Q: 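One structure is given below, represented as structure tokens, and several questions about it will come after.
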Amino acid sequence: MPRLLALLFVFVCAVCYAAAGEKTSLPDDVQGMFSDHCFGCHGGGSEEGGLDLERLIAGGYSEEATDKWVAVWKNLRAETMPPADEDAIAETVRSGVVEWIQSDVFRLDADNPDPGFVTARRLNREEYRHSIRELLGVEFDVNEEFPADDTGYGFDTIGDVLNMSPVLFEKYLAAADEIMSKAIPLEGPSEPEFEFWGDHWKGSGNPRQLPFDKSNVVTVTKSVSEAGQYRIHVDYSIENDWTQLSETLLLTLRLVNEDGTKTELAKQEAGWSTRRESHLEAELDLPKGSLTLELEVQPGQPHSKPADPDVDDNTKYKFYLAKTTVVGPIGGRKSYRWPATMTFFNGPPPEEREASHAYAREVIRLKANLAYRRPIDEPTLDRLTAVAVTEMERPGQRFEHGIKAALSLVFASPRFLFRTEGQPHPDDPSEVVLLDEFDLASRMAYFLWSAPPNEHLHNLAAGGKLRAELDTAIDKMLEDGWRRERFVKNFVGQWLQTRDLQQVESNESAILGRDHPRRRDFERSRYRIRDAMQKETEALFDHLLMNELPVEELLTARYTFLNRYSAEFYGVDGPKSGKLERAELDNASHRRGILTHGSVLLVTSNPTRTSPVKRGLFVLENILGTPSPPPPPNVPELTEVTSIDIRTASLRKVLEAHRESPECASCHQRMDPLGLALEHYDALGAYRDVERARKGYRDYPSTPEKPIDVTGELMTGESFQSLDELIDILATTRKRDLYRCLAEKLLTYSIGRGIEYWDAPAIDKIVDAVEADNGSMKTLLKEVIRSRPFQYRRGSGKRVVSNQ
Amino acid sequence: MNDSIPRRTFLRGSGLALALPAFESLAHTAGAAPSVPTLQTAAGTPLRMVYVYVPNGVNVDRWQPKGEGTDFELGPTLSTLNEHKSDITVVSGLEHKAGYIHRDGAGDHARAMSNFLTGARARKTAGADIHLGTSVDQVAARSMDGITRLSSLELSCDGVRKAGACDSGYSCVYQYNMAWRSPTQPVAPESNPRLVFERLFGHGKPGTRQANFMLRREQRRSMLDFLRDEAASMKRQLGANDRIKLDEYLEGVRSVEQRIEMSEKYGPPADPSIETPSGIPDSYAKHIGLLFDVMTLAMETDSTRICTFMLAHDGSNRSFSEIGVNDGHHDLSHHKKDAERLEKIAKIDAFYVQQFETLLARLKSRKDTDGRTLLENSMVVYGSGLSDGDRHSHKDLPVLVAGQAGGQFQTGRHLKLEDDTPMSNLYLTMLNKAGVGVDSFSDSTGQIEL
């Protein structure tokens with residue numbers, strides 16, 4: 001095998017300095033392929049797209065050489081070069097050259113690829129929120145309190161761009177304090193209590209939706225274990241509070257005594273003038289035995305209320321009986337309530353001073369272990385305990401003040417806020433280490449749950465058993481649907497941009513026309529339709545994952561998940577309730593896979609019209625993973641193109657005219673055909689046969705109705721006559737592109753860095769495994785976790801790869 | 001302090017009902033002025049530097065003034081500024097070379113946004129190795145450490161980030177941040193008027209904020225030692241890239257310490273006798289107005305002298321139903337010379353200029369200790385990193401400068417510069433007028449006559 005001179009790779013920016021100016025000698029078959037298929041445009045002084053391959057081989061292009069080789073390699077791999085109208089290369093030859101570039105130009109070790117290094121990741125808003133919720137039971141409104149996180153490679157999990165700024169630091173300090181005030185009751189443990197939900201009440205109506213125009217009585221019986229003084233608290237709310245109905249309710253809470261007599265406990269009026277959520281409250285003495293309560297709900301005096309023209313009259317109020325809390329006996333043995341029970345694992349502190357200090361230490365230790373995602377070191381624990389003890393012994397302060405002071409520090413600490421990983425020599429780029437199990441548990445937990453490892457995972461790692469039981473551990477994590485939902489929401493939400501759905505601006509009048517019979521319905525249900533669309537896409541992904549179905553079914557599924565609102569919007573006969581259900585799709589539905597999901601169609605549209613450009617780019621970036629074309633020439637501003645009347649010309653013609661500009665053509669000839677294939681779906685995601693005629697703005701002339709032509713050709717040469725054909729191509733001949741694209745997205749999201757050319761062997765391995773397992777989505781996820789970049793890390797800095 | 005001022009007062013465009021006492025520069029009252037005073041007028045009052053960004057370029061024909069020098073007429077888009085004509089200079093001929101394609105391919109919106117205040121070319125990366133330049137406001141802000149409570153204030157109406165990739169291979173970092181402390185550190189802007197207000201003036205109702213501030217100060221102070229030690233000990237175990245993150249954290253610790261020290265020296269911040277604004281209002285114009293209110297208040301109380309405000313990030317596809325334009329701004333900006341689209345762009349341009357007018361009115365309605373208005377003692381730049389959005393043009397950018405910089409600027413002019421004058425020349429001029437003596441800024445080639 002011909003040899004290269006020593007190569008010096010600089011992994012940080014993926015620029016290979018030593019390849020610069022080095023001459024590369026080629027084996028005969030590679031030389032043959034290049035001269036047969038490439039040199040015509042990229043050789044002998046001809047430098048199309050800024051590449052002369054002969055010059056590159058001869059050692060030209062100095063520091064740009066690696067970028068050029070990466071471009072050659074990517075385009076050969078994606079079959080975007082040679083162009084479709086040139087002679088095709090035999091598959092074995094093509095893959096041989098791709099492998100030769102990986103092994104001989106990039107010198108990648110297929111068996112032990114470089115795992116790369118990952119910069120410490122600050123918890124993003126979602127991760128912070130879920131970490132706080134899981135560790136302390138407190139819901140903190142991160143979207144309100146923290147600035148938006150910067151993103152990179154399409155995700156908000158990228159260490160390099162998750163900056164920490166003085167403003168953010170201040171906010172973390174304030175947040176730790178506020179969260180602790182909710183997590184820790186500074187008044188100490190409280191009276192015993194029990195609570196039960198509204199559905200425990202039975203009677204003449206459903207206690208969760210009592211009407212306003214009828215009288216109803218509901219009762220409930222509970223047992224009281226100790227005689228004494230009690231406080232009863234009945235929470236309720238008024239649903240559908242946007243209605244302008246003026247009705248009110250009269251609520252009466254009574255105690256039903258043993259002899260059947262009744263004692264009135266509280267009386268209250270409910271309706272628009274009261275708060276949306278309120279409660280009834282009473283204090284009373286109870287004997288040991290049973291407690292029966294009765295709630296009467298009667299129509300009250302109507303109020304007059306100024307009419308709000310924006311709301312319609314049809315939605316009726318409903319009375320919703322929420323939680324009932326019975327506190328007492330007052331003066332009984334006190335205890336902590338949730339969420340304080342999450343922190344004070346052994347109840348109230350012991351009386352004795354030393355013992356209470358020891359308890360404080362354990363409370364802090366357990367919480368810090370989970371917050372820091374590894375055991376806290378003893379000196380730090382000593383220091384935190386000292387903070388707690390000092391605080392609790394100050395005049396007027398209690399045990400809880402001490403814990404609050406110490407835990408505020410834990411949750412403002414960089415050990416909580418940053419996910420760092422350890423290795424003996426973190427600045428030695430040649431030191432590759434297997435992640436320790438705590439770090440592995442963190443990667444897995446934030447990947448699949450957007451939250452820190454729970455006690456179970458933490459203990460597996462502490463016992464060194466996580467890696468040994470990796471497969472079971474992943475399955476178990478995925479079975480936790482409540483936590484898995486966050487992965488689906490956060491990953492799919494960013495990969496397919498469904499997270500943006502509610503924010504996308506669109507104008508139903510402009511898209512459908514003012515006279516469209518469903519326009520007002522769609523406007524009114526905008527939030528619900530979009531909510532259903534978002535869940536539809538997430539549900540399909542989740543379904544494939546949990547049922548080990550092929551990844552390409554994302555594109556080809558002849559079924560989907562709808563509720564009443566999305567079914568009505570699609571015009572599909574299906575679910576009649578607000579709950580998401582599986583619905584089968586026939587040809588007449590014009591729906592098949594995510595490319596026809598309202599979510600994808602909507603996030604790739606402009607407010608008043610479709611954008612074939614955005615849609616095409618979406619397919620290139622998120623489905624095919626097609627490499628970018630070479631940069632266009634440098635200009636201060638784009639060239640003027642042939643003027644075209646955009647009012648009368650078809651969108652296809654307008655885009656063609658646009659591609660006359662050389663700076664625009666290289667990218668747009670890739671994007672436009674794919675986007676045009678989706679033109680039968682308007683900017684709301686509804687199906688249409690033709691592009692509707694539009695009235696002009698003010699005095700401007702109107703635009704005529706225009707036919708839709710969805711035929712086109714991929715960069716790789718496959719042509720299609722319909723969207724169905726395009727979907728089939730993507731799901732069959734291009735399915736490895738989809739596997740690769742999704743594998744790269746998952747790896748990027750989970751380890752928090754961009755994918756570089758030297759990750760190729762690891763990605764190839766994942767793709768091969770997925771293909772061998774019939775495209776299983778679950779296998780894809782597991783292979784990502786098993787991959788070398790996920791399991792290993794190396795020191796930061798420049799890496800020298802020797803010739804041998 | 002008066003508790004009875006209704007919350008509406010704050011929402012009203014004109015801002016504060018009660019004038020605050022005119023605060024003198026902290027540095028002045030306490031005799032802590034640096035040896036070479038920066039951002040200070042000849043009369044010794046604070047000199048403010050403000051940058052307001054408008055996205056996607058403009059309808060160029062409607063923007064351009066007629067005539068040159070002092071004998072000029074504002075273009076239709078700027079006509080709402082007629083009342084302030086003598087306080088502004090429209091500057092033509094400025095260019096940002098770093099916006100050009102060069103070898104970087106598509107991504108003009110990311111480049112236009114990121115080079116606006118830096119003059120620098122964003123390194124094309126989607127995440128690793130972010131590299132740009134230090135922005136002009138941050139160069140000035142460096143000299144304000146320990147002089148004002150905040151060395152600078154960064155605002156933006158974009159509280160929500162787009163999911164997925166941003167402009168053509170550029171990390172979203174470049175498109176959503178305008179101020180850069182260093183070539184690798186963007187300064188994230190805030191968009192919630194409540195949070196900005198609370199950061200400046202403390203929490204709670206008027207009259208209670210100073211006490212709340214002091215209480216919080218004590219809580220914070222007790223935390224800092226521990227957190228600093230934690231960061232330092234963590235740092236010792238980490239590699240170079242991770243240490244940068246810990247350094248950023250430590251910078252946060254230091255900045256809180258510094259604010260505590262300042263409040264010990266000068267007392268707690270002023271407690272304006274108005275209710276804290278609630279979060280982000282539904283109306284875009286109101287959102288902008290509230291942030292202008294807080295910004296004006298920050299400058300009036302000399303809490304800061306340097307503000308940057310992104311009305312929206314470049315590439316923004318916001319629609320403007322409030323003015324009858326339902327199309328997305330970015331979509332429209334590719335007008336392909338269609339008259340209808342150009343008309344709509346002009347309407348959006350005029351909407352933005354109208355908002356800007358309210359800022360000028362606010363600044364004019366407040367007096368500094370030297371009897372001048374805040375506007376007279378300010379230099380305010382309003383502009384975009386693109387001129388014609390359709391062609392992604394980075395030449396002849398729409399830019400205007402308002403305020404007299406404490407009597408240093410001759411306003412009421414259309415200043416027509418030589419074609420392709422670097423935008424950085426304007427910034428270099430401003431820095432020098434602000435007393436931040438630098439020989440060059442980014443790709444500057446000299447100063448201009450303002």
Side-chain angles (χ1 to χ4, degrees), chain A residues 12-13 119-120 144 147-148 150-154 158 160-161 163-170 173 177 383 408-409 412-415 418 420 422 426-427 493-494 497 499-500 503 505 507 510 606-608 621 628 631-632 634-638 643 646 663 667 696-697 700 753-754 795-797, chain B residues 100-106 126-130 159-165 169 171-173 176 185-188 190 219-220 223 226-227 230-231 234 237-242 245-246 248-249 251-252 255-256 279 317-319 326-328 331 336-340 388 391-395:
Chain A
V12 192
C13 53
T119 304
E144 171 77 11
D150 276 314
T151 58
Y153 307 101
I158 308 302
D160 281 319
V161 295
N163 292 300
M164 173 65 93
S165 66
V167 176
L168 196 53
F169 175 77
E170 265 187 69
L173 280 187
D177 193 55
R383 199 166 164 190
S408 297
L409 294 173
S413 161
R415 289 185 205 275
F418 289 104
T420 55
D427 279 320
Q494 295 183 83
Q497 296 163 26
R499 207 190 243 189
D500 288 353
Q503 275 93 45
E505 294 186 51
N507 189 288
N606 285 316
T608 54
E621 282 185 345
S628 320
N634 186 35
V635 285
E637 55 191 10
L638 303 178
S643 154
I646 64 170
E663 306 93 61
C667 289
Y697 169 75
Y700 291 95
R753 66 162 170 85
S796 68
Chain B
Y100 298 169
I101 291 173
H102 192 50
R103 289 193 308 227
D104 294 335
D129 272 344
I130 296 292
V160 180
R161 300 288 164 91
K162 183 188 171 302
S171 164
C172 300
V173 172
Y176 286 89
Q185 290 173 293
V187 190
E190 285 184 281
Q219 285 165 348
R220 301 284 179 273
M223 296 174 77
F226 175 85
L227 297 176
E230 280 266 271
M234 247 179 117
Q237 298 154 4
L238 297 171
N241 271 46
D242 294 351
K245 298 286 167 188
L246 270 300
E248 288 176 4
Y249 183 94
E251 242 179 89
S255 113
V256 171
N317 207 22
R318 177 185 285 282
S319 68
N326 298 319
D327 312 75
D331 177 26
K336 303 178 176 76
K337 291 194 189 147
D338 178 59
E340 178 187 324
D388 178 15
R391 291 189 290 151
H392 287 162
S393 174
H394 303 275
K395 295 157 72 77

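What's counted below: heavy atoms across the whole structure, side chains too, no hydrogens, waters or symmetry copies. From a predicted model like this one, the values you see are computed outputs, not experimental measurements. Each chain gets a letter, A, B and so on, in the order the sequences are listed, and its residues count up from 1.
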Q: What option among A/P414, A/G422, A/P426 has the most heavy-atom pairs under 4.5 Å with chain B?
A: A/P414
Q: Can you tell me if A/T119 and A/D160 form a side-chain donor-acceptor pair at under 3.5 Å?
A: yes
Q: For B/E230, is it the side chain, the backbone, both, or neither that has a heavy atom closer than 4.5 Å to a heavy atom of chain A?
A: both
Q: Considering only heavy atoms from C-beta outward, does the side chain of A/R753 approach that of A/Y153 to under 4.5 Å?
A: no
Q: Side chain, backbone, both or neither: which part of B/E340 has a heavy atom under 4.5 Å from chain A?
A: both
Q: Does any heavy atom of chain A fall under 4.5 Å from the side chain of B/D104, the backbone, both, or neither of them?
A: backbone
Q: Once rounded to the nearest 0.5 Å, what's the spacing between atom CZ of B/R318 and atom CD of A/Q503?
A: 11.5 Å
Q: Where does A/N606 contact chain B at under 4.5 Å (heavy atoms): side chain, backbone, both or neither?
A: both
Q: Using non-hydrogen atoms and a 4.5 Å limit, figure out which bit of B/L238 sits close to chain A: side chain, backbone, both or neither.
A: both
Q: Quick check on B/V173 against chain A: is it the side chain, the backbone, both or neither that has a heavy atom closer than 4.5 Å?
A: both
Q: Do B/I130 and A/V161 have side chains that get closer than 4.5 Å, going by heavy atoms?
A: yes
Q: Sort A/S796 into side chain, backbone, both or neither according to what part of it lies under 4.5 angstrom from a heavy atom of chain B.
A: side chain
Q: Select one option (side chain, backbone, both, neither) describing which atoms of B/S255 are under 4.5 Å from chain A's heavy atoms.
A: side chain
Q: Heavy-atom cut-off 4.5 Å, strictly under: side chain, backbone, both or neither for A/I646 against chain B?
A: side chain
